[in-house]
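One structure is given below, encoded as C-alpha cells.
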Amino acid sequence: MNETSEAESNRFSFFTKIFQSLRFPYRNDSLFSVVFFGSLFVPLAMFNYLSDGSESPKLFMWLLCFGLALVYLFKKSSAQWRLPKFITVLLVLYLVFTLVSTIFSYSPVISLVGWYGRFTSSLLFSLLWVGWIVVLTMSLDREKIILLLKALSVVGVAVAVYGIIQQQGFGFYSGLDRTVRSLAPSFLGNPNFSSMFLAGIAPITATCLILAKSRQVRYVYGVSLVLILWALMGFSSRGAIVGLLAGLGSFGFFSLYLKNKRWLFVGLIVTLMFSVGFFYTFYLLNRPDAAKEVISLTDQTSSFRLLAWNDALEIIANRPLVGTGPGNFLTGFRLLGDQSLALNERFDDPHNIFLHIGGSVGLPALATFIVIICSVIFLGWRALRGSRDPIVVGLISALVAALAGGSFNPVTIGVWYLMAFCLGALIVMSFQPQEKMLFKWAKFAGVVFAGGLLVYSLCFVAADAFTYQVVRSYNNKQYERTIRFARWTRYLNPVMTVPRQYEVAARVRLDLDFEQTRELIRKTERINPMSADLQRRQTVLYFMLYDKTHDDQDKAEIINAIEQTLAMEPRHALTEGTFAYSYFRLEDYEKMLTHLRQALILNPNDFYSWILLAKYYQGENDKPKMLFALEKAYALNTDTIVFKRFLQSVKEAESVKEIYFPVVFPPIAL
C-alpha cells in the first residue's frame, strides 16, 4: 500500500514538475505577463463568428491587453516614467496632430473610432499604438526582450505553417463575406498582410538563431526561418518581398559592427539562397509574368497602386495640414481623387504607410512619425556602436522590413503591433533614462482611463458578434431575430451603421411602423453623412419602403439619396451604373440613359451596364440595339452557357418585348 502511494506520489510529482516547467517565466510580474500574452496572441487572434473575422479580434485583444497593462502599471506604487524626454514630446505631438485632424475631418465620428474594416486609422488606434510603446518601455529589460523575440518568432512560425497548409488547399476560413474571406489565407486575414508580417519576423528569427546557446536550439530556429521564407514566397506579395530584402540588407549592414562577422554573413548568404530558391519554386509558379509586369508597370495591381499614390498626393496637396481625418481617406479619394481611372475600384488606403498618414492625418503628423522612427533607429545605431548587441540589429532590421513592406500595402494591426514592439524594445535597449515617479493624479486618471478602455473593448467585440448574428439572421429570413440583435448592437456600439440598416430592412419586410422606420434611416445617416457607401445603402432602403408604400415621400428620398451619393462620389462607373438602374426602376428613362451612358464612358467593360442597356431596349422593342448591347455583354462573359443560349433565343425571336429577362444590379443587395 505504501509502495503504491509512493509510486502515485512520484507520478504526481513528475507531472507537477512538467506543469511548473511550462509555466510562464516572470509570472510574478503581472504587467509583463500581459505584454507577453499580447505578443503571443494579438497577431494570431482570428474568429469566424464576428462581423470581421480577422481585424476585429486583434483590435479587441490589443485593447484588452492595453487596458489590463495600464491597470497593473498604475497600481504599482513604484510606477516610473522611463521614456526619453524628446521621444515623449514626439509621441505626444503625434497624438495632438491626430486629435486636430479628427476635429477637422470629413467625419469626426469615424475619425474617433475608425472606419469599419480599417481600424488602424483612428484617434483611438493612434492612442493605443503610442500607449503600447509607453507600456513596453516601462515593462521591459534585455532578458524580457529576448523572451518576446522568441514569442514573436513562434507566432511567425504559426502564421507560416498555417499559410503553407492553406497554399495546399486546406484550412481556409470564411466569414460573412465569403467571396473575400474564403480567399484570405492565414491569421493576418490576407496573403499580403501575412507576408508583410513575416518579412518583419524573419530578422527577429535570425536574431534568435544568433542568440541560441545550443546546436539543437539553432536547428529549431533554422527550420523556423526556412518555414517563414517558404510561406512568404508562397504568399507572393511583391511588397513583402521588398520588405524582406530591406530587412535582410539592414541586418547585413548593421552586422558589420558585430564581432562575429564571418558567421553572421554565412548565415545571411544562406538565408538569401533559401529566399531565392523559394522565390523560383513558389513565387514564379503563382505569378510567372510578375517580374516583367512590374518592370513595365503593365499589370492592373501596379497601375492601381500608382493611381492610389497619385491620389494620395492630390489629397495631401488639397489638405496638407489636417488631411482627410483618420479613417476618412476613402471619402477624400472620392472627392479629390481620379475615380474615372480607377474604374470600379475604391481606395480606402493608398497602399503606402507614409502617404496614408500624410493623406489621412496631415503632413505635420507624417513628419512627426518619420522623426519618431528615425530618432529611435538613431538611438539603436548609437547603442550598437558601443554594445554590438545582435538584438539591436534584429529590432532595427524588423522595423525596416515592416516599413518597407508597408510602403506597398496597407498596414494592418499585426504589423502595427510588430512596429510598436520594435520601437519600444529599441528605446529600452538604447537609452538609460532617469526614471521619474508618476504623479498620484496621473495614476488615478490612468486607472480610470484603463477601466473605460476595458469596457469599450468588451462592448466593441460584443457588438461585432451581434452584427454577425444580424446579417446571418437576415440572410436566413429571421427578421424578428435580426431586429433584436440589431438593437443590442445599437446599445453596445452606436456608431456602427450596418446593423442599423439591416434592422431597417427587416422592419420593412415585416411591415412594421413605416414612419418609425424612416426615422431610423435618418438617424443612421446622421452618424456619417459624408459616406457614399452609407448613402448608397440608404437608397436601397428607401426603395424597399417605396415598393411597400408607393409614397411620393419615399420616392423623393430615393432621388435625394442618389443626388447626395453622386455629389460624394463623382466620376465613378459603378455608382453611375447603380443609379441608372435606380432610375430605371423609377421609370425615369431619360435620367437612366444619362447615367448609363456616363457609366459606359467611364468603364466600357462594365458587364452589368450593358445588360441594363439591353433591358431598356427590350422595353422599347428595339431588337437590333438590344442584340448589340447583349453581344457587348457576352464578349465580357463568354464562359456562361446560359447567357449564350439566351442570346441565341433573342436572335431567333420575332418580338423581344415578351422575352423573360430579369435584371438586378449587383449593389442593390438588401
Side-chain angles (χ1 to χ4, degrees), residues 17-45 61-62 64-66 68-70 72-73 76 82 132-160 187 197-198 200-225 227-228 251 376 380 383-384 387-399 401-402 414-432:
K17 288 178 180 178
I18 292 177
F19 177 74
Q20 288 177 342
S21 66
L22 293 175
R23 291 180 69 186
F24 169 59
Y26 303 104
R27 52 187 172 271
N28 295 324
D29 188 340
S30 299
L31 175 59
F32 181 69
S33 297
V34 173
V35 171
F36 180 81
F37 180 86
S39 297
L40 268 180
F41 294 107
V42 168
L44 295 179
M61 190 74 72
W62 199 354
L64 189 67
C65 289
F66 184 44
L68 289 173
L70 289 181
Y72 287 124
L73 177 64
K76 284 185 175 182
R82 297 177 60 195
W132 194 251
I133 294 172
V134 174
V135 166
L136 289 169
T137 59
M138 299 177 77
S139 62
L140 298 183
D141 56 33
R142 188 178 188 278
E143 294 304 315
K144 291 175 180 177
I145 289 172
I146 292 174
L147 186 59
L148 292 186
L149 289 172
K150 295 176 181 178
L152 285 170
S153 183
V154 169
V155 171
V157 172
V159 172
F187 292 99
F197 182 76
L198 293 180
I201 292 295
I204 287 177
T205 306
T207 303
C208 293
L209 178 62
I210 294 169
L211 295 173
K213 296 180 180 178
S214 69
R215 182 176 298 176
Q216 290 81 0
V217 176
R218 288 197 188 103
Y219 288 153
V220 170
Y221 284 116
V223 171
S224 299
L225 189 57
L227 289 172
I228 287 169
F251 198 92
V376 174
L384 186 63
S387 66
R388 303 185 183 278
D389 196 328
I391 294 176
V392 177
V393 175
L395 291 170
I396 293 177
S397 301
L399 182 60
V415 181
W416 276 104
Y417 190 93
L418 179 62
M419 290 195 299
F421 165 71
C422 291
L423 289 169
L426 275 170
I427 291 171
V428 172
M429 293 293 297
S430 312
F431 193 80
Q432 297 297 326

query = With sequence neighbours excluded, what pairs up with I146 under the side-chain contact (heavy atoms from CB on, under 4.5 Å) test?
reply = R142, E143, K150, L211, I391
Contacts of type side-chain contact (heavy atoms from CB on, under 4.5 Å), residue V217, not counting sequence neighbours = A212, S214, Y221
Could you report the tightest heavy-atom contact between [X] and [Y], atom names first, then the distance?
{"X": "T205", "Y": "S224", "value": "CG2-CB, 4.1 Å"}
{"X": "I228", "Y": "A202", "value": "CG2-CB, 4.4 Å"}
{"X": "I145", "Y": "A425", "value": "CD1-O, 3.7 Å"}
{"X": "P43", "Y": "G38", "value": "CD-O, 3.7 Å"}
{"X": "L209", "Y": "G222", "value": "CD1-N, 4.0 Å"}
{"X": "A398", "Y": "C422", "value": "CB-SG, 3.7 Å"}

Spacing of [atom1] belonging to [X] relative to [atom2] belonging to [Y], to within rounding of 0.5 Å:
{"X": "F32", "Y": "L136", "atom1": "CZ", "atom2": "CG", "answer": "9.5 Å"}
{"X": "L418", "Y": "L399", "atom1": "CG", "atom2": "CG", "answer": "8.0 Å"}
{"X": "M429", "Y": "I396", "atom1": "CE", "atom2": "CD1", "answer": "10.5 Å"}
{"X": "L225", "Y": "T207", "atom1": "CG", "atom2": "OG1", "answer": "10.0 Å"}
{"X": "L423", "Y": "I133", "atom1": "CG", "atom2": "CD1", "answer": "5.0 Å"}
{"X": "F36", "Y": "K144", "atom1": "CZ", "atom2": "NZ", "answer": "12.5 Å"}

Answer yes or no: is there a side-chain heavy-atom contact under 4.5 Å between [X] and [Y]?
{"X": "L31", "Y": "V135", "value": "yes"}
{"X": "L68", "Y": "F37", "value": "no"}
{"X": "I201", "Y": "V157", "value": "no"}

key: Test side-chain contact (heavy atoms from CB on, under 4.5 Å) applied to S139 and V34, V35, V428, D29, the passing residue   = V35
Main-chain N/O of [Y] paired with [X] side-chain donor or acceptor, under 3.5 Å:
{"X": "T137", "Y": "V134", "answer": "yes"}
{"X": "S153", "Y": "L149", "answer": "no"}
{"X": "S397", "Y": "F251", "answer": "yes"}

ask   = Is there a side-chain contact (heavy atoms from CB on, under 4.5 Å) between W132 and C65 once you walk through the steps?
value = CA-CA 9 Å; W132 194 251; C65 289; 4.0 Å; yes
message = Quick check on the 6.0 Å ring-centre criterion: do F421 and Y417 meet it?
response = no
